[in-house]
Amino acid sequence: MFVVYVLRSNLGKICIGQTADLDKRLLKHNGVLKAKARSYSKINKGPWRVIYKEEYNTKQEALKREKYLKSHHGRDWLRKIMGR
């Protein structure tokens, strides 16, 4: 199972992504776990919390949805469902 997620920080920043392990990814975003072999720019903008998620059976489906949510139309749709 793959999850497409939307996170929000206390600073109002939004992060959209996909993963097979949302709990582990959230720990990485919040700096509890170290990210592999690269600096993690989201750490200093947290703490992050999950505000929206969708589950998919395949990684391809999740990647397609993530790409849409990161588009102009996808961000507009997210603002609409979040009442912003």
Side-chain angles (χ1 to χ4, degrees):
M1 189 66 57
F2 293 88
V3 178
V4 176
Y5 60 85
V6 180
L7 306 177
R8 180 182 284 151
S9 74
N10 286 351
L11 301 175
K13 301 289 183 186
I14 297 290
C15 175
I16 301 167
Q18 62 80 31
T19 185
D21 188 344
L22 183 57
D23 292 331
K24 187 174 181 180
R25 182 62 56 91
L26 189 57
L27 291 173
K28 285 182 181 181
H29 277 292
N30 285 320
V32 176
L33 294 177
K34 286 195 171 205
K36 282 195 258 180
R38 63 182 174 133
S39 67
Y40 216 73
S41 63
K42 306 278 187 261
I43 292 171
N44 294 329
K45 296 180 176 101
W48 297 90
R49 66 187 188 295
V50 178
I51 59 169
Y52 184 78
K53 67 180 179 177
E54 299 174 351
E55 294 183 352
Y56 293 90
N57 291 322
T58 68
K59 187 170 185 170
Q60 286 179 324
E61 291 172 311
L63 287 169
K64 184 177 178 180
R65 183 62 171 169
E66 175 190 13
K67 185 175 180 179
Y68 171 75
L69 291 178
K70 287 181 174 182
S71 74
H72 177 73
H73 293 293
R75 287 186 180 268
D76 284 348
W77 181 82
L78 281 172
R79 284 185 198 100
K80 185 177 174 182
I81 67 161
M82 286 189 256
R84 294 178 75 198

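Reckoned from all heavy atoms, side chains included, excluding hydrogens, waters and symmetry mates. The shown structure was predicted, so the numbers you read here are calculated from the model rather than taken from an experiment.
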Table please: side-chain donor-acceptor pairs of residues 10-21 below 3.5 Å, with sequence neighbours left out.
unit_1	atom_1	unit_2	atom_2	d
T19	OG1	D21	N	3.1
D21	OD1	D23	N	3.4
D21	OD1	K24	N	3.2

Any chance you could measure [X], atom [atom1], to [Y], atom [atom2], to the nearest 0.5 Å?
{"X": "T58", "Y": "M1", "atom1": "OG1", "atom2": "CE", "value": "10.0 Å"}
{"X": "L27", "Y": "L22", "atom1": "CG", "atom2": "CG", "value": "9.5 Å"}
{"X": "L78", "Y": "L69", "atom1": "CG", "atom2": "CG", "value": "5.0 Å"}

* Structure fact -> Residues pairing under ring-ring contact (aromatic ring centres under 6.0 Å, His included) where one sits in residues 56-79, two or more places apart or in two chains, turn out to be Y52-W77
* Structure fact -> Closest non-hydrogen atoms of F2 and A62, given as atom of the first, atom of the second and distance, are CB-CB, 3.8 Å
* To do: Heavy atoms only: give me the nearest H29-W48 pair and the separation to one decimal.
  => O-CD1, 3.5 Å
* To do: Would you please name every residue forming a side-chain hydrogen bond (donor to acceptor under 3.5 Å, both in side chains) with K70, sequence neighbours left out?
  => E66
* To do: Taking salt bridge (Lys or Arg N to Asp or Glu O under 4.0 Å) as the test, write out the residues that go with E54, two or more places apart.
  => R65
